Amino acid sequence: MKTMTTFHSSDLELVSRLFGNSFAAEAKVPLNDAIVECLLEAALVLADRIKGERNVYQKRFLVTLGQHIRSIAIEQVAYFESDGRYAKLVTHANEKYLLDTSLERLMTKLDPALFYRINRKTIVSYTSIQKIAVWSKSRVKLELVPATNRDVIVSIDNSGDFKKWLNR
């Protein structure tokens, strides 16, 4: 459903100044209210993106447990692991839930200040990292809480950026 925005005459004047008659001449379309409205809406979206106001990250995840649905707050999430075509959400209380999404799509919904994708199989929360050990070739090995059943090693490609992320 599209929401309509009310524009004032000053908004229309701004679009006219930005795009002017040259825009209408090149497009071979008169600069009518509908076109001005679309241009202004696009400019507002672009301005919001530039300001970073559109970065609204997911705050909760709905998960199913048999016949029950539960909402997991982002603060409860320790890390995500790849599980085939699914992502496994692991809470600080070591509860595990499957999400019908990939880690790549999931990363676009997570706040990069709180979560970091350390390799192709794992996204970690800063609060889940208990220990960091130096590993071979400038890589690091993480000890997470709750513990995983496999080694959690930051990939060589991500190691430098991961250290910068930790040092904010």
Side-chain angles (χ1 to χ4, degrees), residues 1-3 5 14-15 18-19 23 38-168:
M1 183 163 106
K2 184 174 173 21
T3 59
T5 307
L14 174 64
V15 171
L18 287 173
F19 298 102
F23 174 80
C38 288
L39 289 172
L40 188 57
E41 193 168 324
L44 291 173
V45 168
L46 183 59
D48 284 348
R49 284 187 184 162
I50 290 169
K51 289 179 188 174
E53 293 175 5
R54 290 282 174 156
N55 288 340
V56 178
Y57 300 110
Q58 193 154 347
K59 297 191 184 343
R60 290 178 292 283
F61 289 91
L62 278 181
V63 296
T64 56
L65 258 157
Q67 298 296 320
H68 302 282
I69 296 174
R70 184 168 172 211
S71 180
I72 307 291
I74 198 71
E75 295 82 16
Q76 294 176 298
V77 177
Y79 52 88
F80 298 92
E81 292 182 307
S82 178
D83 191 0
R85 72 176 199 96
Y86 298 100
K88 185 187 339 175
L89 180 155
V90 180
T91 67
H92 290 291
N94 204 21
E95 299 166 323
K96 298 172 183 168
Y97 305 97
L98 283 180
L99 303 175
D100 189 14
T101 188
S102 68
L103 290 185
E104 188 173 327
R105 269 189 265 143
L106 190 57
M107 203 56 212
T108 64
K109 299 176 183 181
L110 298 173
D111 184 350
L114 303 175
F115 291 90
Y116 191 87
R117 186 168 185 178
I118 59 167
N119 57 39
R120 61 187 175 88
K121 290 196 159 267
T122 312
I123 298 171
V124 297
S125 163
Y126 175 78
T127 58
S128 70
I129 301 170
Q130 183 174 29
K131 289 184 184 175
I132 303 172
V134 176
W135 204 247
S136 66
K137 291 188 179 180
S138 76
R139 295 188 303 174
V140 292
K141 180 179 176 181
L142 305 181
E143 188 176 309
L144 303 177
V145 175
T148 65
N149 57 358
R150 62 180 179 77
D151 286 341
V152 181
I153 299 170
V154 180
S155 69
I156 292 172
D157 294 340
N158 291 338
S159 190
D161 287 339
F162 176 70
K163 289 174 186 174
K164 288 177 189 171
W165 179 74
L166 286 173
N167 196 35
R168 293 178 280 125

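Keep in mind it's a predicted model, so treat the numbers as computed, not measured.
Atom CD of Q58 sits in a crowded spot, with more than 12 heavy atoms from other residues, nucleotides or ligands closer than 6.0 Å.
Summarising the geometry of A78 relative to V145, their closest heavy-atom pair is CB-O, 3.8 Å, with the distance given to 0.1 Å. Scanning all heavy atoms of the two residues, the minimum distance from T122 to L103 falls at N-CD1, 3.8 Å.
Residue L166 holds its CG atom at 5.5 Å from CD1 of I129, rounded to the nearest 0.5 Å. One distance of note links CD of E104 with CZ of R120; it measures 13.0 Å at 0.5 Å rounding. Between the NZ atom in K88 and the OG1 atom in T148 there is a gap of 9.0 Å [rounded to 0.5 Å]. Between atom CG of residue L106 and atom OG of residue S82 there is a gap of 10.5 Å, rounded to the nearest 0.5 Å. For the atom pair I153 CD1 and R139 CZ, the distance stands at 5.5 Å (nearest 0.5 Å). Distance check: K109 NZ to K59 NZ gives 14.0 Å after rounding to the nearest 0.5 Å.
A donor and an acceptor atom, one from each side chain of S128 and H92, are nowhere located under 3.5 Å apart.
Using a 4.0 Å cut-off between a side-chain N of Lys or Arg and a carboxylate O of Asp or Glu, R150 and E81 qualify as a salt bridge. Salt-bridge annotation for R70 and E95: present, with a side-chain N of the basic residue lying under 4.0 Å from a carboxylate O of the acidic one.
No close placement of the Y79 and Y126 rings is indicated, their centers lying 6.0 Å or farther apart.
A donor-acceptor contact shorter than 3.5 Å is absent between the side chain of R117 and the backbone of M107. Listed for the N119 side chain is a donor-acceptor partner under 3.5 Å among the backbone atoms of K121. With hydrogens and angles ignored, the 3.5 Å screen pairs a side-chain donor or acceptor of N158 with a backbone N or O of I118.
Inter-residue side-chain proximity for Y86 and D100 is flagged as met; some heavy-atom pair is nearer than 4.5 Å. No side-chain heavy atom of Y57 sits less than 4.5 Å from a side-chain heavy atom of I74. When side chains are defined from C-beta on, F80 counts as touching L99, because their heavy atoms get closer than 4.5 Å. Side-chain atoms of V77 and S125, non-hydrogen and from C-beta on, never get closer than 4.5 Å to each other. No side-chain heavy atom of V63 sits less than 4.5 Å from a side-chain heavy atom of I69. Proximity of K163 to V140: side-chain heavy atoms (C-beta onward) are separated by under 4.5 Å at one or more points. Between V90 and L144, every side-chain heavy-atom pair lies at or beyond the 4.5 Å cut-off. Inter-residue side-chain proximity for L65 and Y97 is flagged as met; some heavy-atom pair is nearer than 4.5 Å.
The stretch residues 140-162 participates, sequence neighbours left out, in these ring pair (Phe, Tyr, Trp, His ring centres under 6.0 Å) pairs: Y116-F162, F162-W165.
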